[in-house]
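To start, the structure under review is shown below, and the notes come after it.
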There are 2 protein chains.
Amino acid sequence: MISIQQMQYILSVNDNRHYQRASEACFVTQPTLSMQIKKAEDELGYLIFDRSTNPLTLTVFGEKLIVIIRDILVEIEKIPKLIKTMNGTYTEHLRVGIIPTISAYLVSDMFDKWKISLPNIQLTIEEMKSDELLIALERKELDLAIMAGPHNQTNLRTIPLFKEEIKAYLPTVLSETILTNELTELHPWLLSKGNCLRTQMIHFCGLGNDFNGGWNYEGGNLELLLRMVDVKGGYTLVPNEYLRVLKLDESKCKRIYSTESKEIPAREIISLFPNRTIKWDSIEKVIRGIQLNYGKDDSDKNLQVLNWQ
Amino acid sequence: MISIQQMQYILSVNDNRHYQRASEACFVTQPTLSMQIKKAEDELGYLIFDRSTNPLTLTVFGEKLIVIIRDILVEIEKIPKLIKTMNGTYTEHLRVGIIPTISAYLVSDMFDKWKISLPNIQLTIEEMKSDELLIALERKELDLAIMAGPHNQTNLRTIPLFKEEIKAYLPTVLSETILTNELTELHPWLLSKGNCLRTQMIHFCGLGNDFNGGWNYEGGNLELLLRMVDVKGGYTLVPNEYLRVLKLDESKCKRIYSTESKEIPAREIISLFPNRTIKWDSIEKVIRGIQLNYGKDDSDKNLQVLNWQ
DNA sequence: GAAATCATATAAATATTATCTATTACTTTA
DNA sequence: TAAAGTAATAGATAATATTTATATGATTTC
């Protein structure tokens, strides 16, 4: 049977797509990798890498093997974790990435609660845009990503956190609610490109894909947009929880109703993390904490979850 | 880092609780095990086995390590499975154990469907009592057990399959339903000890734990009990699906209502299998097949699930 | 309580395996 | 076509695993 070391060598060659660099990453010489991987291939009866391409690629067999090897190595990592836990020297470093329009309220809401439920964990929270989160997860630079759904990527596990109503911020109208066709007559203020809330806005307000807001200021920051609305008129969209922490004048924040249906717009907040992870215990606590804190009375509302992709 | 071979040695000593027998099982000599396990213990920094007892036992660390090692070895087993799958020589042998009062109808109902959804799998179905199923799972003699719930054993994974109403078979009364307090006046006919449906009967009919039915015939077979009811009077309890395959006179099968509540008695059918298993794909198909076939319109009934433990 | 038995540990020799340095073979690029 | 880059191979060496033989230590037996 193929050894653990061989698995690590295979993974290193896969990551580096290069024997020499892979061997340096493993602190051995290049022939060692050549021989060990060749030995593994002989034993398994299939080639793992296709050396005829440059840079080298995985064979069909190799693709499937890598998935299994990754899982095995995550399982094996539980042994040093167990030892450190028994020694009392285990401190986990959990790296969480969150999109700005969520982190704006979520981090301040949850900070103290996480501190209690994760007493011995070093927590790093980073604001990133949705696509950056996915890349960082892939590169194993993050352990957990929190963003807006929906999302379907088979190599990542998804757990929904809560649904959040999206309201309109427009001070001019007096009524407490507003219909979608009323909004189309007003100027929308948008977040800059890359923010998924911008895409949701465009979809929801029916602005079309070719919308490039030349006449419009595009803020990177929701609070700036709110000020623009105050000064210049028009409207912008605000997630309900965000609105709460900003302590805005409630009379300016209106529930939106679709002209066609009885639905009100919302976004779904989801968590993403690798299928197998040694940090599951901590991730679970983070997720449960969020679910408990925000997942209260959504079910009674008739929420229509917006897509941002 | 501890090697795969060392893990297998550790597992073998744990299974055999004896170095010599363990070494034979691994086809090596006893000093090999002694040295390798000592080496692993040195490297991990904790003793795995307590040699001062006879037979030897696991240390606290060892207990935790064994759980991890088992998971690792299940993951590693996916590699030879992948190779066989690619060779086209992989045939899985799925061993399913079912309690008799379920298998009586479930096997004939599901057989053709399983044949379609699991074309390349060798399926062995065995009838066993509930406690025998648990032992067989523990000994890895079974891959999947189907029995009545509820059940909570942390080392096994549980997936509920469906709920099944339990009816009374008594030809004498004319009405279509019967109340629990009417049953207490009649003779119950019971399955022999070890059948969980017997325990459910005793609980449900309020017969008490000290009931030993000296005056009563205890059949190992439900059909025999039904015949006794026909000949001698009294009543027996029949799971609803069983009743269907026996093609009994429907007028003799009565829905039971609790005297106190509006509930009708039922049993929950569950599946049990190891937390980690290489045969998950097949197990899932078996489970989904059963759920699809029986999990239809339970939700409208007010079922009270009976405990058998 | 000494002898026998059983169970694991240790020692030294041997076999196996992994890794290294040095070199070769092959491919791509200039 | 030479130069550079990359992986494979050969042979030597180091590291590791396994074996046989024996020691140690604990129970059981007479």
Side-chain angles (χ1 to χ4, degrees), chain A residues 1-59 61-63 65-66 69 72-73 76 79-80, chain B residues 1-63 65-66 69 72-73 76 79:
Chain A
M1 170 56 66
I2 177 177
S3 71
I4 295 172
Q5 191 128 49
Q6 284 170 345
M7 295 185 205
Q8 287 166 334
Y9 291 164
I10 291 166
L11 222 54
S12 181
V13 171
N14 178 56
D15 289 343
N16 291 287
R17 303 275 152 161
H18 195 280
Y19 270 68
Q20 284 183 351
R21 281 194 292 278
S23 68
E24 286 161 26
C26 296
F27 305 104
V28 291
T29 57
Q30 169 265 314
T32 301
L33 283 211
S34 275
M35 294 195 77
Q36 286 306 312
I37 290 175
K38 187 175 153 47
K39 203 184 151 198
E41 288 176 326
D42 286 350
E43 208 160 292
L44 300 175
Y46 285 91
L47 289 179
I48 300 165
F49 296 103
D50 179 357
R51 284 94 160 162
S52 72
T53 65
N54 193 310
L56 44 71
T57 50
L58 284 167
T59 61
F61 174 78
E63 298 258 18
L65 185 67
I66 287 284
I69 287 178
I72 293 170
L73 294 182
I76 288 175
I79 294 177
Chain B
M1 171 56 67
I2 175 178
S3 71
I4 295 173
Q5 191 128 48
Q6 284 170 344
M7 295 184 205
Q8 287 167 333
Y9 290 164
I10 291 166
L11 222 54
S12 181
V13 171
N14 179 56
D15 289 344
N16 291 286
R17 303 275 150 159
H18 196 280
Y19 270 68
Q20 285 183 351
R21 280 193 293 278
S23 67
E24 285 163 27
C26 296
F27 304 105
V28 291
T29 58
Q30 170 264 315
T32 301
L33 284 211
S34 276
M35 295 193 75
Q36 286 306 312
I37 289 176
K38 186 174 155 44
K39 202 183 151 198
E41 287 176 327
D42 286 349
E43 208 160 290
L44 300 176
Y46 286 91
L47 288 179
I48 300 165
F49 297 104
D50 179 358
R51 284 94 158 159
S52 72
T53 63
N54 195 310
L56 44 72
T57 50
L58 284 167
T59 61
V60 175
F61 174 78
E63 299 257 17
L65 185 68
I66 287 285
I69 287 179
I72 294 170
L73 294 182
I76 289 175
I79 294 178

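Quick note on labels: first sequence line is chain A, next is B, and so on, each numbered from 1. FYI, side chains are in, hydrogens and waters are out, and symmetry mates aren't considered; it's all heavy atoms of this structure.
Checking B/Gln6, B/Gln5, B/Gln8 one by one against B/Gln36, the side-chain hydrogen bond (donor to acceptor under 3.5 Å, both in side chains) holds for a single residue, B/Gln6.
For A/Ser23, there are no side chain to side chain donor-acceptor pair (under 3.5 Å) partners, not counting sequence neighbours. Residues that satisfy the salt bridge (Lys or Arg N to Asp or Glu O under 4.0 Å) test with B/Lys38, not counting sequence neighbours, are B/Asp42. For A/Phe61, the ring pair (Phe, Tyr, Trp, His ring centres under 6.0 Å) partners two or more places apart in sequence, or in a different chain, are A/Tyr46.
Between B/Arg17 atom CZ and B/Thr57 atom OG1 the span is 7.0 Å, to the nearest 0.5 Å.
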Q | Per-nucleotide protein contact string for nucleotides 7-22 of chain D, where B marks a base within reach and S marks sugar-phosphate only (heavy atoms under 4.0 Å, - for neither) | A | BBB------SSBBBB-
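Among residues at least two apart or in separate chains, there is no ring pair (Phe, Tyr, Trp, His ring centres under 6.0 Å) pair with a member in residues 7-34 of chain A.
B/Gln20 and B/Gln30 share no donor-acceptor pair across their side chains, judged by distance under 3.5 Å alone.
When DNA chain C is scanned in the 5' to 3' direction for atoms under 4.0 Å from non-hydrogen atoms of chain B, the outermost contacting nucleotides are C/dA7 to C/dT10.
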